[in-house]
Every structure is written in structure tokens, then in C-alpha cells.
Q: 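Handing you this structure, nothing more for now.
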Amino acid sequence: MASSEQNSSHPQFITSQGNRGTFGGPASPLIDEIEIHQIVVPQERSWKNFFSFMGPGFLVAIAYIDPGNFETDLQSGAQYKYELLWIILVASVAALIIQSLAAKLGVVTGKHLAEHCRAEYSTVPNLILWLLAELAVVACDIPEVIGTAFALNMLFRIPIWCGVLISGLSTMMLLLLQQYGVRKLEFFIAFLVLTMAACFFAELGYAKPDYSEILKGLFVPQLKGNGATGLAISLLGAMVMPHNLFLHSALVLSRRVSRSVHGIKEACRFYNIESGVALALAFLINVSIISLSGSVCSSPNLSAEDKLNCDDLDLNKASFLLKNVLGKWSSTLFGIALLASGQSSTITGTYAGQYVMQGFLDLRITPWKRNLLTRSLAIVPSLVVAIIGGSSGAGKLIIIASMILSFELPFALLPLLKFTSSKAKMGSYVNSLAISAITWIIGSFIMAINIYYLISGFIKLLLGSRILISLKAFCGILGFGAISVYLAAIIYLALRKNRKSFQPLLSGDCEQMGENSGTEINLSLHNLPREDIVSMQLDQKRSAL
């Protein structure tokens, strides 16, 4: 507990009486004393403050260049060359807008998305949202497990099933980095992102694709056939991930910023710039992968075996394809980039799982236990598929996981849009009418595509099956019943009015509260950052964790 002798003139959102904050009532997170690992933003107005905010955006950007993205990028390039690049552009712009809302929610309110959901919704909806969020974390972890296994196979010839088992242990080792502090971990993640970028930019330069066709694919939308629709949804699902919204809104709470109007606006502005830089780099990496795949698979010098690989391209086949076409060094670079992607994505996935559990259930466990839980749930299906279906089956599982993420996105996106568009929660920092319109259009577009593909895909599967008509009718009733429940849940979240209000607390508000109540308010209590958020990223020797 912070001592009353501490002095500060820049209060934070979180007030404390005893051990609890006033915002969320009895369920608010514990506030402990300031630790040396926390990042304090200088109070002076300077562009140099931007470097204090750098870090969360790169952790978030990892989710946009994880093995799930690699898989869908490779397939879209192999099957449709550069035609689906516009999906990456649209998804990246949408992701930047959505992630900026997640960051603003955390900065303005002092609570992340999962905590707002717990405060806003009743027990049953809150429990359902928690289960869906946990499923999203596991679905995100599956491509990371398989991607790491593929990378180990490329670099060291380790069998896929064995690589699946090793992936859990390797991630535990990387989590040991957190004992050196949040800042060093963020720099390490940024280094991995730059490593991936260097690998793919080098390969793209050697492949020499037609850059005029790449520009056409980026700015001329086209979607030919049901196969393209399915891949487009997979690309979208792999780009805009639901767990990322929970992650970003929590990561920004690791910074200690001034609670003045300028301090909040500066934090939001710098977080937007930082996210833009990180997501722009992720966008270029995704474009490079699609362009590389499209260039290699459209080459007239492909052998018959390589053409077959392009028809059903996955992460493992891509290694051999690049080796045959571009040389052995290309396969090695791809393996290094894939390994960096899988391992870094797992670290951020672990943090997202921690924030989800802490936010929805007010339950916190140590990172290695959380990682073991999530990784075990991801390893079991990955191991079964790898043993039975081999690399081809594992590749298909990545696509399925990406589509699951796309279908689950509304259950994280809708609460975020509702909360940031509510003046009762955001005060003067509420979304403008233009931003609200843009974000709701983006959200509606994503959900409309998901619903269309879900219904059309189910009808096609049902009509194409060779089962009895009576069994088809039974399956149809169950299937459309499930779709109806899915639509009803989305409509409920979209139309339900927010019932909890909270006005952001500024320095002047604290002083006025003290004068009006006739009691002395210890401003140092308001100056505490979310230490409980930071402690989840560090090796803290606390019984509470």
C-alpha cells in the first residue's frame, strides 16, 4: 500500500481507500506500491515523451504477424496471387482505428476492456463473454504452437509432433525474460518484429515480384469465388483478433501519465502514433509474404511437385517451395522468421489470457501457470491433428483457428465500440460522431461478412452431404438454431444500453472533491499507476500473485 507521505500533484484515475479502488467497488484490482519496473512518463511537454510510450504497440502488432497470418498469407498468394492484398490494407486500417480505441479506453478510464465488461454486464453475459475470450486466446495459441513446430522442423528437422511438445517448453524459457523488466521485454519483442521484417524483405527482393501488380492488388478490390471469400475471412480473422483488444487496453496501463487534460490527450496521441508505426511494419510484412508466395507460385519455371505444393500450400510446404525456387538460404530465413513469430506471439497471448482472467473474474495467477493452462489447451488438438493429419492437417487447423477468431471478434469489438462511444464512461474523450460512424461501419462490415459466410457455408455443407433427408433436416434445425443464437447475442450486445457510468478523474477534480467533502484527499493515492497490471508482466515474489 502506498504511504500517505508520498507527494504528487498529478493524480491518476484509481483512487484507493484501504486496499481497494473506488471505481469498480469491491471488485476493483488491488493497488500496491510503485515498483522500479514501472514506466514513468516525463511531465515536461516534449516530443521525447513519445519514446516512453513505445512498446505496447509492438506487443499488439505481433498478433498481426503470427503464424496464423503467415499461413493465410501464403495460401492467398499461392491461389490468388496479389488479388487479396486489398484485404490486408483494409484490415490494417481497420485494425489501427480499432486498436486506437482500445488504447484510449485504458488511458481515459484507467481500466481495461475485460474489467469494463465485468462492471457493465450481469453474471451470465459476463461469464459467456469470458468463455468466448478464453476460447479466442486458445484459438490464437494454436497457430503459434503449430508455427513453432514447423519452424523447428525447417531449421533442425525435428518432427512436427515433437515440435508441438517442445513449443510449450521454449515459451516458458522466454517468459523468464520478464524478470528483467517490462521495458527490456518490449525491446526484445520489437527486435523479433524487425527480424521478421528483415527476413521477408530480403526474400522479396530476391524473388523480384511485379510491383505494379502488387499496387493493383492493394487498391483494386476483387473477390472471385467462394474460395476467395473463405480466404478473405481467414485473412480478416488473422488480422483483427479479439484478444488483442483486451491486450492493448491493458498494456497502456503500465505507463504512469499526468492526469491533466494535456497529459491524457498526449498519451492518446502518442499511443496512436506508436501503434501506427508498429502496425505499418506488420502490414508491410504481410504484404511481403503474400507477394512472395504469389511471385513464387506464378513462376513459369515451377516443377510439377512445386505446382502441387502451391495448390495446397501450408507453412511446412512453403519451406521446401522456397528452397527449391529461391535456394536453401531462403528456407532458413523463413524458418527463422516463423520461429520468431511463434515465440513472440505466445508471450503476448499469455499476457492477454492473464488480463482476460483478471478482468472478467478478478482472478490472477502467475505467468508460467497461465501459459501452461493456455498452452495445454492448444497443444492437445494440435498434437492430435499433427499425429493423424501430418503437416497438411496442422495447416488446415490454423485456417480453422483463424476463422474462429473472426467469428468471435464481435463479442470483443461491440463492447469496445459501446464503451468508447458512451459519454457516461468516457466524458469529454468520447468518440466523435465521425469516429463512431467509421468504427460502427467497420464492425458491421466484419460481422456481415462473417454471418454471410457462416450461413452460406452451412447451407453448402448441408446440401452437399450424402446423409438421409431426415438427418439433413435435423442438422439444419440445429445449425440454424445455433446461427440464430449467434445473431441474437450480437443484437443483444449492439442494442443493450450501457448502465454503468464513470467520469474520468482529473487533478482538478480531486482537489474539488476534497474541498466539497471537507476532508483531505491524499493526492499520492491518485498518482499510482496500475501496478497490478505491471506485476502480471514481471516475476514478482508475492503471495497475491
Q: Let me confirm one number: the CG-CG distance from Asn286 to Leu89, rounded to the nearest 0.5 Å.
A: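 Rounded to the nearest 0.5 Å, the CG-CG separation comes out at 11.5 Å.
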Q: If we count only N and O atoms by modelled type, under 3.5 Å, do the side chains of Asn272 and Ser275 hold a donor and an acceptor together?
A: no
Q: Ignoring hydrogens and angles, tell me if any N or O in the side chain of Ser422 forms a donor-acceptor pair with the backbone of Lys418 under 3.5 Å.
A: no
Q: Can you measure from OG (Ser76) to CG (Leu74) and round to the nearest 0.5 angstrom?
A: 7.5 Å
Q: Tell me, with the steps shown, if Leu313 and Ser293 meet side-chain contact (heavy atoms from CB on, under 4.5 Å).
A: CA-CA 9 Å; Leu313 191 62; Ser293 174; 3.6 Å; yes
Q: Would you find more than 12 non-hydrogen atoms of other residues, nucleotides or ligands less than 6.0 Å from Glu305 atom CD?
A: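 Not more than 12 within 6.0 Å, no.
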Q: Has Glu408 got a side-chain atom pairing as donor or acceptor with Ala136's backbone, closer than 3.5 angstrom?
A: yes
Q: Scan side-chain atoms only and decide if Lys104 and Asn431 contain a donor-acceptor pair under the 3.5 Å cut-off.
A: yes
Q: Which pair of non-hydrogen atoms, one from Met241 and one from Ala63, has the smallest distance, and what is that distance?
A: CE-O, 3.3 Å
Q: Okay, side chain of Ser295, backbone of Ser291: is any donor-acceptor separation there less than 3.5 Å?
A: no
Q: Donor-acceptor pair, Thr332 side chain versus Lys328 backbone, under 3.5 Å?
A: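 Present.
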Q: For a 4.5 angstrom cut-off between non-hydrogen side-chain atoms, does Leu322 reach Leu292?
A: yes
Q: When you look at Ile264 and Val107, which way does the side-chain contact (heavy atoms from CB on, under 4.5 Å) test go after all the steps?
A: CA-CA 7 Å; Ile264 296 174; Val107 170; 4.1 Å; yes
Q: Measuring from Cys310:SG to Leu321:CG, what's the distance to the nearest 0.5 Å?
A: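 Nearest 0.5 Å value for the SG-CG distance: 4.5 Å.
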Q: Would you name the heavy atoms of Ile442 and Ala94 that are closest together and state the gap between them?
A: CG2-CB, 3.6 Å
Q: Is there side-chain contact between Trp86 and Val220, with heavy atoms separated by less than 4.5 Å?
A: no
Q: Would you find a donor on one side and an acceptor on the other, under 3.5 Å apart, between the side chain of Thr195 and the backbone of Phe191?
A: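 Pair found, side chain donor or acceptor close to backbone of Phe191.
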Q: Roughly how far, to the nearest 0.5 Å, is CD1 of Ile142 from CG of Leu397?
A: 5.0 Å
Q: Could you pull out the closest heavy-atom pair between Ala102 and Leu416, with the gap in Å?
A: CA-CD1, 3.8 Å
Q: Can you tell me if Trp440 has over 12 outside heavy atoms packed within less than 6.0 Å of its CH2?
A: yes
Q: Quick check against the 3.5 Å criterion: does Ser254 have a side-chain atom that pairs as donor or acceptor with the backbone of Leu251?
A: yes
Q: Whether the Tyr64 and Gln99 side chains hold a donor-acceptor pair (N or O, under 3.5 Å, no angle test) is what I'd like checked.
A: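 A donor-acceptor contact under 3.5 Å links the two side chains.
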Q: Taking the six-membered ring for Trp, are Phe411 and Tyr486 closer than 6.0 Å centroid to centroid?
A: yes
Q: Please tell me if the side chains of Leu417 and Leu101 come closer than 4.5 Å, counting only heavy atoms from C-beta onward.
A: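 Yes, side chains in contact.
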Q: side-chain contact (heavy atoms from CB on, under 4.5 Å), that's the test. Do Asn244 and Leu247 meet it? Break it down for me.
A: CA-CA 5 Å; Asn244 237 18; Leu247 176 66; 3.7 Å; yes
Q: Can you name the closest pair of heavy atoms from Ser344 and Leu192 and give their distance?
A: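 Heavy atoms only, the tightest pair is CB-CD1, 3.4 Å.
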Q: Count the heavy atoms of every other residue, nucleotide or ligand shown that sit under 6.0 Å from CZ of Phe201, and state whether that count exceeds 12.
A: yes
Q: Under the rule for ring-ring contact (aromatic ring centres under 6.0 Å, His included), what residues qualify as partners of Tyr82, not counting sequence neighbours?
A: none
Q: Side chains of Ile214 and Tyr211: closer than 4.5 Å at any heavy-atom pair?
A: yes
Q: For Lys317, enumerate each residue passing the salt bridge (charged side-chain N to carboxylate O under 4.0 Å, His left out) test, keeping only those at least two apart in sequence or located in another chain.
A: Asp312
Q: Taking the six-membered ring for Trp and the single ring otherwise, decide whether the centroids of Tyr271 and Phe53 are under 6.0 Å apart.
A: yes
Q: Given side chains that start at C-beta, do those of Met196 and Ile65 come closer than 4.5 Å, heavy atoms only?
A: yes
Q: Just wondering, do Phe58 and Glu274 contact through their side chains at under 4.5 Å, heavy atoms?
A: yes
Q: Measure across Pro56 and Arg255 and return the closest heavy-atom pair with its distance rounded to 0.1 Å.
A: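 Closest approach of Pro56 to Arg255: CD-NH2, 3.6 Å.
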Q: Under the criterion ring pair (Phe, Tyr, Trp, His ring centres under 6.0 Å), which of Trp329, Phe334, Phe200 is the partner of Tyr206?
A: Trp329
Q: As an exercise, state the distance from SG of Cys140 to CD1 of Ile404, rounded to the nearest 0.5 Å.
A: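 Here the rounded value is 12.0 Å.
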Q: Taking NZ, NE, NH1 and NH2 as the nitrogens, is one of them in Glu203 or Lys323 under 4.0 Å from a carboxylate oxygen of the other?
A: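 Here Glu203 does not pair with Lys323 in a salt bridge, since their nearest N and O are not under 4.0 Å apart.
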Q: Taking the side chain as every heavy atom from C-beta outward, state whether Ser421 and Ile435 have any pair of such atoms under 4.5 Å apart.
A: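 Ser421 vs Ile435: side chains apart.
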Q: Which value, rounded to the nearest 0.5 Å, describes the distance between Thr109 atom OG1 and Leu253 atom CG?
A: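 Result: 7.5 Å between the selected atoms.
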Q: So does Leu113 get a backbone contact from the side chain of Ser249, meaning a donor-acceptor N/O pair under 3.5 Å?
A: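 Answer holds: yes.
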Q: Hydrogens and angles aside, do Asp66 and Ser341 bring a side-chain donor and acceptor to less than 3.5 Å of each other?
A: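 There is no such pair between these side chains.
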Q: Flag the pair Pro242 / Leu413 as yes when at least one side-chain heavy-atom distance between them is below 4.5 Å, and no otherwise.
A: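 No, every pair of side-chain atoms sits at 4.5 Å or beyond.
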Q: Identify the heavy atoms of Ser345 and Pro67 that sit nearest to each other, and give their distance.
A: OG-CD, 4.2 Å
Q: Can you list the steps and then say if Ile160 with Leu152 is a side-chain contact (heavy atoms from CB on, under 4.5 Å)?
A: CA-CA 8 Å; Ile160 301 297; Leu152 294 174; over 6 Å; no
Q: Taking Thr72 for the side chain and Gly68 for the main chain, is one N or O donor matched with an acceptor at less than 3.5 Å?
A: yes
